[in-house]
Amino acid sequence: MPLAMELASSQSRQSLGSALNRVHRKLVGRWRRLSRWEFWPPYLFYPPVVAYIVYLGIKFRSWTLFTAANPAIPAGGFVGESKHQILAHLRNADSWLPRFTILDSADLAQRVAQAEEFMRTHGLQFPIVLKPDAGQRGSGVSIVRSSPQLREYLTQASFPVILQEYVPGEEYGVFYFRYPGAARGRVFSVTEKRMPVLTGDGKHTLEELVLADDRGVCMADLYLRKNSERAQHVPAAGERVQLVEIGTHCRGAIFLDGGDTITPALEEAIEQIVRCFDGFFFGRLDVRVPSRQCLMAGRNMKVVELNGVTSEATHIYDPKFGLLDAYRVLFEQWRIAFEIGNMNRARGARPTPVAELIRATLEYRRVSKGYPE
């Protein structure tokens with residue numbers, strides 16, 4: 001057989017072997033997504049939680065009593081609430097906040113000019129963060145690194161957009177609650193949010209590294225879609241490649257239990273922040289800090305987002321926790337939400353009617369269809 005034909009035959013076998021391995025690893029990823037509950041779709045994971053909420057609704061004689069947990073936030077922060085308005089409630093905690101504004105003009109040129117003026121006035125450089133004013137689970141959040149990217153995002157955005165100063169460092173989710181009338185609240189949970197990183201070996205493409213990784217293979221479709229332009233790139237030996245940059249579990253971040261970071265200093269700092277928001281009793285603060293040590297000391301924190309009643313104590317997604325552990329935490333969380341709502345109802349707060357929640361949910365789903373991925 002001529003040498004050229006032998007080489008062609010060898011390359012063909014290698015290509016076939018690579019394709020078969022790719023198919024095999026993707027099947028492995030799908031199996032692991034089914035066998036690891038943290039990757040289950042909502043319709044598989046949440047039915048027991050919904051059933052428990054129904055039980056609580058019967059017990060407290062209100063299906064939506066949890067919406068009274070945060071009287072200062074529409075529907076308690078169930079869906080569609082304005083993130084800009086929530087951050088505005090924290091103005092007295094200004095030192096804990098990154099600089100932000102809302103771009104709500106319908107005119108593209110005016111929005112771009114407003115963004116550029118805000119950045120110039122506050123001395124901000126790229127990158128910046130753009131996100132929908134009403135959003136959940138990181139939907140539509142983008143880290144923008146240039147003027148063309150800014151214009152591209154705003155061109156696609158037919159909804160009010162928050163422009164926020166980018167805060168480097170580590171990200172944590174701090175879940176807090178306080179019973180009305182109590183002198184102090186409690187940090188219920190801390191989640192460490194890690195961005196997945198793979199290390200190159202100088203031999204395999206990024207796609208091959210993702211498929212070979214024990215966890216990466218579970219989120220391979222997402223990671224490869226987010227990194228489509230460099231999927232066939234071969235990272236150098238020792239080169240670290242970060243796969244995503246948004247701290248949301250469903251968008252590829254790794255969530256770990258950060259309960260060991262809960263200190264009196266952290267609780268005191270969180271208490272100072274939330275007490276600036278009259279009418280907030282229950283939810284999660286997503287914060288960025290230079291280091292874990294800063295978080296534990298309660299200093300140099302920036303609150304990038306505050307979420308209401310549908311927040312989760314997301315430390316449950318740490319792989320060390322089993323399914324029953326997750327349900328135990330979520331059941332306790334929802335019980336507390338109903339208890340706080342019940343106490344606020346006694347003080348005159350009005351739970352949001354079911355029909356209003358349904359309308360708000362449908363409206364959010366309609367609007368969010370236009371959010372950038």
Side-chain angles (χ1 to χ4, degrees), residues 7 10-11 13-33 36 38-39 125-129 138 141-146 149 166-173 190-258 260-261 286-296 300 302 304 314-315 317-320 373:
L7 289 174
S10 175
Q11 291 173 350
R13 287 194 298 270
Q14 289 177 356
S15 297
L16 177 61
S18 177
L20 291 174
N21 182 65
R22 186 181 301 111
V23 171
H24 171 257
R25 291 301 296 172
K26 287 191 174 183
L27 290 174
V28 169
R30 290 176 183 174
W31 165 248
R32 289 182 178 170
R33 286 181 65 85
R36 298 184 183 182
E38 66 167 305
F39 298 115
Q125 303 292 326
F126 290 106
I128 57 172
V129 177
V141 179
S142 182
I143 297 177
V144 172
R145 291 186 160 80
S146 66
Q149 288 183 5
Y166 175 75
V167 182
E170 301 177 7
E171 186 168 339
Y172 294 83
V190 172
T191 303
E192 179 183 355
K193 302 181 179 185
R194 288 189 188 173
M195 306 306 154
V197 175
L198 295 178
T199 303
D201 60 6
K203 299 177 182 178
H204 296 91
T205 65
L206 181 60
E207 179 185 25
E208 291 169 335
L209 293 173
V210 168
L211 293 175
D213 184 75
D214 182 59
R215 183 180 179 84
V217 71
C218 299
M219 302 286 285
D221 289 344
L222 172 68
Y223 291 154
L224 294 177
R225 186 169 68 252
K226 291 291 186 183
N227 296 275
S228 59
E229 294 183 358
R230 55 178 181 171
Q232 299 309 312
H233 169 68
V234 178
E239 179 184 350
R240 292 168 58 82
V241 182
Q242 183 173 311
L243 299 177
V244 298
E245 52 188 1
I246 305 298
T248 306
H249 186 266
C250 64
R251 297 187 68 182
I254 301 169
F255 282 9
L256 301 175
D257 178 25
D260 61 327
T261 64
D286 292 331
V287 304
R288 283 198 159 230
V289 289
S291 67
R292 186 183 185 88
Q293 290 70 31
C294 285
L295 180 75
M296 297 174 70
N300 298 327
K302 293 291 184 180
V304 297
T314 48
H315 74 281
Y317 295 105
D318 188 315
K320 74 180 182 182
E373 187 177 338

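As the structure is a prediction and not an experimental result, all values here were calculated from the model. Values reported hereafter were calculated over all heavy atoms of this structure, with side chains retained and with hydrogens, waters and symmetry mates removed.
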Flag side-chain contact, heavy atom, 4.5 Å: [X] against [Y]:
X	Y	value
P319	E38	yes
E170	L295	no
H315	E192	no

Can you check whether [Y]'s main-chain N or O pairs, donor with acceptor, with [X]'s side chain at less than 3.5 Å?
X	Y	result
R288	G169	yes
Y223	G252	yes
R251	I246	no
R33	C218	yes
R215	P196	no
E239	P235	no

About how many Å separate [atom2] of [Y] and [atom1] of [X], when rounded to the nearest 0.5 Å?
X	Y	atom1	atom2	result
R194	Y172	CZ	OH	8.0 Å
T205	Q232	OG1	CD	5.0 Å
E207	S228	CD	OG	11.0 Å
Q242	N227	CD	CG	9.5 Å
L243	D213	CG	CG	8.0 Å
R145	I128	CZ	CD1	11.0 Å

Heavy atoms only: give me the nearest [X]-[Y] pair and the separation to one decimal.
X	Y	answer
V289	C294	CB-CB, 4.3 Å
P290	N300	CD-O, 3.3 Å
L256	D318	CA-OD2, 3.4 Å
M296	D260	CE-O, 3.7 Å
V144	F126	O-CD2, 3.5 Å
K193	D286	NZ-OD1, 3.2 Å

- Please name all residues satisfying side-chain hydrogen bond (donor to acceptor under 3.5 Å, both in side chains) with R32, sequence neighbours left out, ordered by chain then number.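 Counting only residues at least two positions away or on another chain, R32 forms a side-chain hydrogen bond (donor to acceptor under 3.5 Å, both in side chains) with D214.
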
- Does a donor on one side chain and an acceptor on the other come within less than 3.5 Å for D201 and H204?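 Side chains of D201 and H204: pair found under 3.5 Å.
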
- Query: When you look at NZ of K320, are more than 12 heavy atoms from neighbouring residues, nucleotides or ligands closer to it than 6.0 Å?
  - Reply: yes

- Message: Quick check on R230: does its CZ atom have over 12 non-hydrogen neighbours (other residues, nucleotides or ligands) under 6.0 Å away?
- Response: yes

- Query: Can you check side chain to side chain contact (heavy atoms under 4.5 Å, CB included) on F39 and M219, steps first, answer last?
  - Reply: CA-CA 9 Å; F39 298 115; M219 302 286 285; 3.6 Å; yes

- Message: Just to verify, what does H24 make a side-chain contact (heavy atoms from CB on, under 4.5 Å) with, not counting sequence neighbours?
- Response: V28

